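Reviewing the structure listed below.
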Amino acid sequence: MLRLKVEDLNPEQHAAVFAEPGPVLILAGAGSGKTRVLTYRIAHLVDSGKAAPEDILAVTFTNKAAAEMRERLSGLIDDHRRVPWVSTFHSACARILRQDGRALEFNRDFSILDEADSLAVIRQVLEDAVAPDMPAAELVRARIEQAKNEALTPSVMADRAEGDRDARIAELYALYQERLRTMNAMDFSDLLMNTWILLDSQPEILVRWQRYARMLLVDEYQDTNRVQYLLARMLADSTRNLCVVGDEDQSIYRWRGADIRNILDFERDYPDAKVFKLEQNYRSTKTIIAAAASVIQNNTERKDKTLWTANEIGDPVVYFTGLTEREEADFVAGEIGLLIGDQALRPRDFVVFYRTNSQSRAIEEALVRRRIPYYVVGGTRFYDRREVKDLLSYLRVLANPADFISLERMVGAPSRGIGGKTLEAISALASKQAITPLDAMGRLETISNVALRTAKAASALYTWMRDLGGRMPTMPVREIVAEVAAQSGLAASLDALPDANERKQNLDELLAAASAFDAENTGGGLTEFLERIALVNDTDQIDEAAGRASLMTLHTSKGLEYPIVFIAGMEEGLFPHSRSADSEDEIEEERRLCYVGMTRARRLLYLTNTLSREMFGTRNSSRPSRFLAEIDGALLRRIAPERNRPVLNTPALSERYIDYSDSQLAEDGDGVAVGARVMHPTFGRGVVRRVEGRGSSTKAWVNFDQAGLKLLVLKFANLVPIAE
DNA sequence: CTCGCAGGGGTTTTT
DNA sequence: CCCCTGCGAG
């Protein structure tokens with residue numbers, strides 16, 4: 001029996017849910033009930049008998065989104081064992097390759113390399129292919145990834161190469177792929193690319209997987225890249241039952257190969273596509289929607305679509321400027337503190353977004369000063385911590401003894417006298433005798449140029465690993481992890497470190513993750529555990545934030561919503577980022593990112609920036625982001641920093657702000673320039689930080705070396721410019 | 001072979 | 001500011 005609450009759907013949502021199978025494009029604005037439409041549509045397909053659950057594949061962007069959709073579906077479909085296959089692109093591809101990768105000469109235990117591992121392999125390739133004028137490893141890695149995102153094989157890349165550099169990179173790409181194959185390893189992009197190669201070259205395998213995708217639904221379609229696009233088309237080819245959902249205004253992964261044209265041109269690919277526009281927003285206030293709209297309307301690459309809401313008007317968007325990032329952060333923390341006190345809000349109702357991870361530090365410090373519990377989503381991921389990666393390297397070798405990159409890491413953690421030279425010997429022996437590096441490690445004593453001591457150490461390690469490898473199939477993952485931590489000496493070696501406790505806790509956390517995996521009882525072994533770790537996404541951890549305020553990058557914010565949202569660092573060069581300043585296309589992407597961030601807010605939105613910001617050790621003056629100027633001024637409330645406010649004493653309400661909402665942002669002018677050094681009769685030397693207003697009412701914020709920040713009316717201030 | 005230190009270089013976003 | 005690399009000493 002269907003449990004759809006059809007009466008809750010608006011007409012467009014209703015039409016999208018009940019549209020007949022075939023090509024369907026759902027343009028879903030921010031907060032327009034997209035997930036509900038998607039899950040209802042799936043439930044309806046099952047309920048009406050148009051498709052069996054086994055025929056349906058829904059692809060999302062993050063594991064979290066997939067988990068959420070599965071959960072919602074299990075509430076809609078009576079038979080919980082018959083919930084359709086809901087997965088991310090990467091996980092789905094990993095499953096396909098584990099099963100059928102043999103056709104590409106990979107066995108089912110292939111390793112999944114993260115970016116650092118992949119870079120290490122590229123460094124090795126570069127070392128072997130010595131030639132003058134080699135491109136930097138990082139560049140090679142980026143170009144190879146780009147090629148894979150566009151579904152270019154090494155030979156196609158070589159054919160299209162313009163100039164020697166591109167041709168050389170194409171050669172390195174070929175060598176890199178070869179090395180990955182001998183290691184039985186794939187990088188992230190390979191998961192997609194190799195799946196495409198597999199399905200493209202093996203029609204009978206394709207047909208088999210098409211059966212799982214007789215109804216194919218793709219979420220976040222605006223962020224699919226070329227390979228994902230090709231995969232979706234290919235899987236849907238036999239039935240054409242392809243339903244894509246997305247919002248071109250929320251396409252923010254161009255740098256990762258996402259091609260906004262995939263969604264813009266869907267109707268060209270499928271001329272008979274039915275198109276539905278979800279334009280009613282159920283999330284935000286009218287003010288927030290209007291502010292976000294005034295920003296995004298400056299983009300040209302978009303479909304005709306207007307978001308609206310029946311919600312209340314709400315409060316103005318608050319725009320605060322701090323002198324430095326510290327003041328900006330104190331304001332954010334202060335507001336959170338005040339709102340928690342006044343409004344019965346809880347820390348979990350707040351989120352702070354920023355463009356770059358490095359911005360989190362100042363904000364964290366301010367939250368700590370105010371004792372507001374917070375949680376940073378993303379940043380250095382747990383599984384990227386050194387000691388965790390060290391332990392995982394053993395597990396990866398156990399699962400896949402061909403994984404030389406992990407073996408290199410493993411033998412050095414803790415150091416046991418096996419270094420670069422010995423590893424070279426291992427690698428040479430492995431290829432000469434056509435055995436895995438792990439087996440080669442056990443035969444080092446036959447090699448004359450390796451010291452006996454070293455060979456003995458290697459052989460001891462080998463013997464234990466082989467023994468464990470033999471017992472492994474009957475052990476829970478947790479026991480394997482525990483034995484590795486203890487027997488390898490890794491846990492003990494941490495004792496010598498200054499932060500031993502923290503690092504040991506991380507190993508404990510890994511043990512806990514293994515226990516949880518065992519408890520799920522999916523029948524998976526070490527390979528599946530490692531795959532899960534490789535493919536976890538930062539947003540997957542948000543649930544762990546439990547009650548705390550959240551901090552994350554704008555990219556991570558997609559798909560989330562919070563009552564109160566702060567976007568910090570609204571400054572030229574930071575947001576939009578200076579790396580995106582080259583082209584209008586990239587600026588448009590930054591603008592979409594701004595739009596995504598703003599539309600996460602339900603009730604209240606804060607935009608903040610600074611007059612000067614420290615980056616890479618030097619302090620630079622900053623200018624407001626162009627996106628601020630794009631927001632209708634009537635929607636904004638300007639707030640300036642209060643001077644000399646001690647951070648730990650909450651000020652009285654009446655003294656909270658200096659409101660200068662009537663002042664304008666002025667360019668340099670009227671006698672003093674921002675950044676100029678000046679002398680004041682009473683306050684002494686200082687630097688002009690900001691100039692506001694015009695004519696006789698022109699005021700300047702001046703940061704005095706001794707007296708601190710002052711707001712002065714220029715007409716009376718008698719400022720005298722001085723040389724540095 | 002490992003470790004510690006100095007110096008240089010690079011700094012966005014992440015499945 | 002942080003990370004990586006290269007180099008010299010133990």
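A, B, ... follow the sequence lines: proteins, then strands. Residue 1 opens every chain. What you see is a predicted model, and the numbers here were worked out from it, not measured in a lab.
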Passing option when His555(A) is tested against Trp255(A), Phe353(A), Phe61(A) for ring-ring contact (aromatic ring centres under 6.0 Å, His included):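 Output: one option passes, namely Trp255(A).
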May I have the distance from [X] (atom [atom1]) to [N] (atom [atom2]), rounded to whole angstrom?
X         : N       : atom1 : atom2 : answer
Glu138(A) : dT12(B) : CD    : P     : 9 Å
Asn225(A) : dT14(B) : CG    : C1'   : 13 Å
Asp187(A) : dT14(B) : CG    : C1'   : 14 Å
Phe188(A) : dT14(B) : CZ    : P     : 12 Å
Ile112(A) : dT14(B) : CD1   : C1'   : 15 Å
Glu145(A) : dT13(B) : CD    : C1'   : 12 Å
Arg386(A) : dC4(C)  : CZ    : P     : 11 Å
Phe61(A)  : dT14(B) : CZ    : P     : 12 Å

Contact state string [nucleotides 1-9 of chain B, B base, S sugar-phosphate only, - no protein heavy atom under 4.0 Å]: SSS------
Starting the side chain at C-beta, find the nucleotide from [options] nearest to [X].
X         : options                  : value
Arg123(A) : dT12(B), dC4(C), dT14(B) : dC4(C)
His555(A) : dT13(B), dT12(B), dC2(C) : dT13(B)
Arg355(A) : dT14(B), dC2(C), dT12(B) : dT12(B)

Aromatic-base stack, His577(A) on dT12(B), cutoff 5.5 Å, angle under 30: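 Here the ring of His577(A) and the base of dT12(B) are stacked, with centres under 5.5 Å and planes under 30°.
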Stacking of Tyr253(A) on dT14(B) base (centres under 5.5 Å, planes under 30°):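 Taking the rule of under 5.5 Å and under 30°, the ring of Tyr253(A) does not stack on dT14(B).
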Verdict with reasoning, Trp464(A) to Tyr462(A), per ring pair (Phe, Tyr, Trp, His ring centres under 6.0 Å): CA-CA 5 Å; Trp464(A) 163 60; Tyr462(A) 166 82; over 10 Å; no
Any Asn357(A) side-chain N or O less than 4.0 Å from OP1/OP2 of dT12(B):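 No, no such contact exists.
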Below 4.0 Å: OP1/OP2 of dT13(B) and any side-chain N or O of Thr556(A):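 So the side-chain polar atoms of Thr556(A) never come under 4.0 Å of the phosphate oxygens OP1 or OP2 of dT13(B).
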Neighbour count >12 (heavy atoms, 6.0 Å) for atom CD, Glu138(A):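 Atom CD in Glu138(A) is crowded, with more than 12 foreign heavy atoms closer than 6.0 Å.
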Whether over 12 other heavy atoms sit under 6.0 Å from Arg141(A) CZ: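 Yes, enclosed.
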Donor on one side chain, acceptor on other, Arg396(A) and Ser406(A), under 3.5 Å: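 Indeed, the side chains of Arg396(A) and Ser406(A) share at least one donor-acceptor pair under 3.5 Å.
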Atom P, compared across dC4(C) and dT13(B): separation rounded to whole Å: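 Approximately 15 Å lies between the P atom of dC4(C) and that of dT13(B).
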Partner of Thr60(A) under side-chain contact (heavy atoms from CB on, under 4.5 Å), chosen from Thr35(A), Val218(A), Leu217(A), Thr88(A):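 Passing option: Thr88(A).
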Short side-chain to backbone donor-acceptor contact, Arg98(A) and Phe110(A), under 3.5 Å: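 At least one qualifying donor-acceptor pair exists.
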